[in-house]
There are 2 protein chains.
Amino acid sequence: MFSKATEYALRATIYIAQKSSVDKKLSLTEIAQAIDSPPSFTAKILQLLTKDNSVIHSVRGPNGGFYITEKNKQLPLKKILEVVNENDLFEKCILGLKKCSETNPCPLHFQYKPIKQELIYLFQTNTILELSEKADSESLFINNK
Amino acid sequence: MFSKATEYALRATIYIAQKSSVDKKLSLTEIAQAIDSPPSFTAKILQLLTKDNSVIHSVRGPNGGFYITEKNKQLPLKKILEVVNENDLFEKCILGLKKCSETNPCPLHFQYKPIKQELIYLFQTNTILELSEKADSESLFINNK
DNA sequence: CTAATTAAAGGTATTTTTGTCCTTAATTAA
DNA sequence: TTAATTAAGGACAAAAATACCTTTAATTAG
Ligand code: FES
Ligand code: FES
């Protein structure tokens, strides 16, 4: 479904939202261990999410690390997909036609359309905060080993 | 969503179902042109679909090519996904956890679950025949240039 | 039988994705 | 100010996906 990069971006952001605050920043090492991802690759993805503080914030030096503001927790998951350039995934034709359109639909188009829209809705309406709260109660990363 | 290999497999099979019969076999060249795919790579995928005649049939030599039997047109799309090893795509956790389970669900699990099941249903219930008929009436491959 | 045609099979090449490593910059504490 | 810590940034490496090419096998027509 998603690329590894996107999966790590989603998992990392949810974890950061769950555990961090301005006075409790999380190190790359902790995050990568928690979400079971390769540290160096994860660093790259966190850099993307940190760019312009668009999703998460970072501070260098001792006691530095990554955190997310309350404001940014209100962002929809879609925002994360945008950052890793996978935002248009659900706009694409499921058979890989160059464009998904009503005027020249592929034979799956009209059956896929409502599903596609549920997926878009899912990522548009769920905020990072909501997901991180669910992660609390449902023990998110336990079964990833 | 799907890999290129899977997209080509789906498009090729639908095209073959639409245009071929035992006495009208289609050459690799024609198929690749029709579905706008790289010929050599498409050849590999057609080989997979031909293995054990599981989806399509092939004949070598002059007037040879690919075709599909009426019987195999009754196969669900899921069969094509199996052949290209993408059948488990919809079983996977959307956040990339090693297993998608009810007992240790990720925070998107319960919202994703119904969508996942619609996707599974889509590929289980639609047959190759049904799709190829839709492709007729809806001009499948016109907009792929 | 021979030549032509077409898919099968295997190896190779390119591109993209994923992952690592090393140096630099920022920050902090001593 | 110096040393330690942590992320940023860039170059590099490995793996996987995508794409190509050449040879072989099967089939057919002449
Ligand atoms: S054209 Fe294929 S999904 Fe819309
Ligand atoms: S556990 Fe993530 S979708 Fe089921």
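No experiment lies behind these values; they were computed from the predicted model shown. Note: hydrogens, waters and symmetry copies are ignored here, and every other heavy atom, side chains too, is used. Lettering of chains follows the sequences in order, A, B, ..., and the numbering in each one begins at 1.
A heavy atom closer than 4.0 Å to some atom of DNA chain C occurs in no member of residues 78-87 of chain A.
The side chain of Gln47(B) places an N or O atom within less than 4.0 Å of a non-bridging phosphate oxygen (OP1 or OP2) of dA9(C). Contact annotation: Tyr8(A) does not reach the phosphate of dT18(C) (side-chain N/O to OP1 or OP2, under 4.0 Å). At dA7(D), none of the side-chain N or O atoms of Thr50(A) fall inside 4.0 Å of OP1 or OP2 (strictly under the cut-off). Phosphate proximity of dT6(C) to Ser58(B): absent, as no side-chain N or O sits under 4.0 Å from OP1 or OP2.
Within the 4.5 Å cutoff, the side chain of Ser54(A) has heavy atoms near those of the Val83(A) side chain. Under the 4.5 Å side-chain criterion, counting only non-hydrogen atoms from C-beta, Val59(B) is not in contact with Phe66(B).
Between Met1(A) atom CE and dT17(C) atom C1' the separation is 19 Å, expressed in whole Å. The NZ atom of Lys4(B) sits 12 Å away from the C1' atom of dT16(C) (whole-angstrom rounding). Rounding to whole angstrom units, CG of residue Leu48(A) and C1' of dA7(D) are separated by 14 Å. Following rounding to the nearest Å, Asp52(B) (CG) and dA8(C) (P) show an atom-to-atom distance of 12 Å.
Contact annotation for Ile56(B): no contact, since no heavy-atom pair falls under 4.0 Å across all strands. Residue-level contact check: Leu26(B) touches the backbone only, with heavy atoms under 4.0 Å from sugar-phosphate atoms and none from bases. Among the atoms of the strands shown, only primed sugar atoms or phosphate atoms (P, OP1, OP2) are found under 4.0 Å from some heavy atom of Ser3(A). Here Ala5(B) lies in heavy-atom contact (under 4.0 Å) with sugar-phosphate atoms only.
Direction change of the helix axis from one end of the helix from dC1(C)-dG30(D) to dA30(C)-dT1(D) to the other is 0°, with five pairs defining each end axis (rounded to 10°).
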Under 4.0 Å protein heavy-atom contacts per nucleotide of nucleotides 20-30 of chain C, with B for base, S for backbone only and - for none
BB---BBBBS-
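Under the 3.5 Å distance criterion, the side-chain polar atoms of Glu130(A) are matched with a main-chain donor or acceptor of Thr127(A). Ser20(B) contributes a side-chain N or O that, together with a main-chain N or O of Ile16(B), makes up a donor-acceptor pair within less than 3.5 Å.
Summarising the geometry of Ala9(B) relative to Thr13(B), their closest heavy-atom pair is O-OG1, 2.7 Å, with the distance given to 0.1 Å. Here the closest heavy-atom approach between residue Glu7(A) and residue Leu95(B) is recorded as CB-O, 3.7 Å. Between Leu46(A) and Ile56(A), the shortest heavy-atom distance links the atoms CD2-CD1, 3.7 Å. Shown here for Cys100(B) and Cys93(B), the closest heavy-atom pair between the two residues is CB-N, 3.7 Å. Contact detail for Asn72(A) and Ile68(A): the closest heavy-atom pair is CB-CG1, 3.7 Å.
Ion pairing of Asp36(A) with Arg11(A) is absent here, as no side-chain N (NZ or NE/NH1/NH2) approaches a carboxylate O to less than 4.0 Å.
Residues Ile14(B) and Phe2(B) share a single hydrophobic cluster, defined by chaining ILVMFWY side chains whose heavy atoms lie under 4.5 Å apart.
No cation-pi contact links Lys116(A) to Phe90(A), judged by a cut-off of 6.0 Å to the six-membered ring centre and 45° from its axis.
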